[in-house]
Every structure is written in structure tokens, then in C-alpha cells.
A.B. asks: 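What follows is a single structure, and I will ask about it in a moment.
Worth knowing before you read on, the calculation uses all heavy atoms, side chains too, and leaves out hydrogens, waters and symmetry mates.
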Amino acid sequence: MSIRQMLIAALAALLVLTLSPVATAEWEAEDGDRLQERAEKAIARMREKVERSHPYFEDAYAMAVWPGITRVAFGFGGAYGKGVVIEQGQAVGTVKYWQGSSGIQAGAKNFVLVLFFKDKESLEDLKLGKIQFTGQAGVDVATIGAAGTPTYNEGVAIIPLTNLGLMGEFSAAGTKYNYKPYQEQ
């Protein structure tokens with residue numbers, strides 16, 4: 001390959017990379033905001049590892065991204081995490097995730113969670129604290145996990161991605177979300 005051909009190939013590759021959509025669903029973290037930076041990395045990882053998430057990143061009105069929720073259970077369980085709410089490409093606030101559960105369950109895990117909102121109305125339900133989910137089943141070993149909703153349910157789709165853990169469960173859970181807009185922080 002000649003130098004000219006190598007330069008043309010390098011220029012073409014640079015052009016493709018520049019014009020390709022970024023893996024952050026057209027959103028970039030604010031410099032210095034550690035939670036947003038972690039959320040941006042979680043989005044990139046989700047897009048890379050969970051192919052079924054791609055249409056949601058392209059079509060959703062908004063999303064809430066938790067870069068790390070920690071969950072521990074043995075009969076009874078609990079989970080906590082803090083995330084970022086992104087509406088139409090803008091970070092508009094933070095959201096805390098609280099969960100209590102009971103059932104056949106044991107283990108611990110840390111996972112990324114993305115809630116996709118089909119429209120403004122479903123996002124408003126999160127902001128007003130009206131969204132709650134119950135019941136879950138799944139198995140997580142190391143960084144492999146299986147769970148999530150395959151389609152929108154009442155305007156919300158959920159896709160988790162295990163960071164690390166060992167957990168088996170068949171349980172009932174109550175989940176609470178606390179939203180806080182950035183202007184109030």
C-alpha cells in the first residue's frame with residue numbers, strides 16, 4: 001500500500017468517525033459532574049453490550065440512567081442508586097432509586113439501569129413519583145445477567161446491564177424514585 005493510499009484510508013476513517021452518531025444518544029456529560037460522566041460511560045457500555053437497547057436510544061423522548069445500583073438480598077433485600085434524567089438531549093435532574101424486596105432471593109449485584117420514556121407524559125409520571133414497579137425474576141453471575149422489559153409498558157421500557165454480581169431471585173419488590181431538577185440542587 002502506497003503512502004497516498006494510506007493517507008486516503010486514514011482520512012476516510014477520520015471522516016466516518018466524525019460523521020458517525022456518538023454512542024451517548026446525542027447527550028454529553030457536563031465536564032466535572034462525576035455522576036453525569038459515569039452515566040455517559042454507562043450509556044456507551046449499554047449501547048455496546050445490549051443490542052436491543054438501540055431502538056430505545058434512538059426513539060425515546062427521555063431516559064433516566066443509573067450508572068450503578070447496588071442490590072443485596074437474602075430473603076429480604078434492598079437496593080439504592082443515583083442517576084441522571086436526560087430529556088430531549090439535556091440533563092434536567094437527578095433521580096434516586098430505592099427498592100425493598102421479599103421472596104426467594106440471595107446474593108449481591110451492581111448494575112446499570114436505563115428507563116426509557118416513550119413520551120413527555122410518562123416522564124412526568126417519574127418526576128411526580130408516580131412510577132413504581134413490582135415483581136422480578138432473574139439470574140446474575142459475574143457480568144452476565146438476564147432481565148428487563150422487551151417493550152414499552154405504560155410508556156416506560158426498562159433495560160438493566162449487570163456490572164458485577166452473583167444473585168438469583170424470584171421476588172416481589174417495591175421501587176421508589178425521587179426526582180430532583182437541577183435548578184433545585
A.B. asks: Less than 4.5 Å apart, any side-chain heavy atom of Glu40 and any of Val84?
C.D. replies: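 Contact flag for Glu40/Val84 side chains = no.
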
A.B. asks: Among the clusters formed by ILVMFWY side chains lying less than 4.5 Å apart, do Leu113 and Val72 turn up in the same one?
C.D. replies: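 No, no single cluster joins them.
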
A.B. asks: List the atom of Pro67, the atom of Ala42, and the distance in Å for their closest heavy-atom pair.
C.D. replies: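 For Pro67 versus Ala42, the nearest heavy atoms are CA-CB, 3.9 Å.
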
A.B. asks: Rounded to the nearest 0.5 Å, what separation is found between the CH2 atom of Trp98 and the OG1 atom of Thr175?
C.D. replies: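 Interatomic distance, Trp98 CH2 to Thr175 OG1, rounded to 0.5 Å: 13.0 Å.
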
A.B. asks: Looking at Glu154 and Lys130, is there a salt bridge between them, counting it only when a charged N and a carboxylate O are closer than 4.0 Å?
C.D. replies: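 Result for this pair is no, no salt bridge flagged.
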
A.B. asks: With a 6.0 Å cut-off (strictly less than), is the heavy-atom count around OH of Tyr80, excluding the residue itself, greater than 12?
C.D. replies: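 Count over threshold, so yes.
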
A.B. asks: Report yes or no: does Gln99 contribute a side-chain atom to a donor-acceptor pair with the main-chain N or O of Ala79 at less than 3.5 Å?
C.D. replies: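 Between the backbone of Ala79 and the side chain of Gln99 there is no qualifying donor-acceptor contact (under 3.5 Å).
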
A.B. asks: What's the separation between atom CG in Leu126 and atom CG in Leu128, rounded to the nearest 0.5 Å?
C.D. replies: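 Interatomic distance, Leu126 CG to Leu128 CG, rounded to 0.5 Å: 9.0 Å.
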
A.B. asks: Run through Val85, Val156, Ile86, Leu123 and flag the one making a side chain to side chain contact (heavy atoms under 4.5 Å, CB included) with Met63.
C.D. replies: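 Result: among Val85, Val156, Ile86, Leu123, Ile86 is the only option passing the side chain to side chain contact (heavy atoms under 4.5 Å, CB included) with Met63.
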
A.B. asks: Can you find a pair of side-chain heavy atoms, one from Gln36 and one from Trp27, that are under 4.5 Å apart?
C.D. replies: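 A side-chain contact under 4.5 Å exists here.
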
A.B. asks: What about the rings of Tyr177 and Tyr97, do their centers lie closer together than 6.0 Å?
C.D. replies: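 Between Tyr177 and Tyr97, the centre distance is under 6.0 Å.
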
A.B. asks: Would you check if the side chain of Trp66 reaches a backbone N or O of Val95 as a donor-acceptor pair within less than 3.5 Å?
C.D. replies: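 It does hold such a pair.
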
A.B. asks: Look at Lys120 together with Glu87 and state whether they make a salt bridge at an N to O cut-off of under 4.0 Å.
C.D. replies: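 Counted as a salt bridge, because a side-chain N and a carboxylate O are separated by less than 4.0 Å.
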
A.B. asks: Taking all atoms of both residues into account, what is the closest heavy-atom pair of Gly68 and Asn163, and its distance?
C.D. replies: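 Closest heavy-atom pair between Gly68 and Asn163: CA-ND2, 4.2 Å.
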
A.B. asks: Working note: Ile159 + Phe57, criterion side-chain contact (heavy atoms from CB on, under 4.5 Å); need CA distance, chi angles, decisive distance, verdict.
C.D. replies: CA-CA 11 Å; Ile159 300 181; Phe57 280 110; over 6 Å; no

A.B. asks: For Gly75, does its backbone N or O pair with a side-chain atom of Gln105 as donor and acceptor, under 3.5 Å?
C.D. replies: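 Flag set: sc Gln105 to bb Gly75 pair under 3.5 Å.
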
A.B. asks: Quick one: CG on Asp119 to CG on Asp59, what's the gap to the nearest 0.5 Å?
C.D. replies: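 Spacing of CG (Asp119) from CG (Asp59) equals 12.5 Å.
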
A.B. asks: Taking the side chain as every heavy atom from C-beta outward, state whether Arg71 and Ser101 have any atom pair closer than 4.5 Å.
C.D. replies: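 Yes; the side chains approach each other to less than 4.5 Å.
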
A.B. asks: Any side-chain heavy atom of Thr94 within less than 4.5 Å of one from Tyr182?
C.D. replies: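 Answer yes - side chains close enough.
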
A.B. asks: Assess whether a salt bridge exists between Glu37 and Arg34, defined as any Lys/Arg side-chain N lying under 4.0 Å from an Asp/Glu carboxylate O.
C.D. replies: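 Salt bridge absent between Glu37 and Arg34.
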
A.B. asks: To the nearest 0.5 Å, what is the distance between CD on Glu28 and CD1 on Ile43?
C.D. replies: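 Output value for this atom pair is 11.0 Å.
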
A.B. asks: Of all the heavy-atom pairs spanning Arg45 and Thr162, show the shortest one and how long it is.
C.D. replies: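 Heavy atoms of Arg45 and Thr162 come nearest at NH2-O, 3.1 Å.
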
A.B. asks: CD/Glu58 to OG/Ser53 distance, rounded to the nearest 0.5 angstrom?
C.D. replies: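 Rounded to the nearest 0.5 Å, the CD-OG separation comes to 9.0 Å.
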
A.B. asks: Under 6.0 Å from the CD atom of Gln90, do we count more than 12 heavy atoms belonging to anything else shown?
C.D. replies: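 Not buried by this count: 12 neighbours or fewer within 6.0 Å.
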
A.B. asks: Would Glu124 and Lys127 count as a salt bridge (Lys or Arg N to Asp or Glu O under 4.0 Å) here? Give the steps.
C.D. replies: CA-CA 5 Å; Glu124 289 304 313; Lys127 289 179 178 181; 3.7 Å; yes

A.B. asks: Look up atom CZ in Phe116 and atom CD1 in Ile158, then write down how far apart they are to the nearest 0.5 Å.
C.D. replies: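 Interatomic distance, Phe116 CZ to Ile158 CD1, rounded to 0.5 Å: 11.0 Å.
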
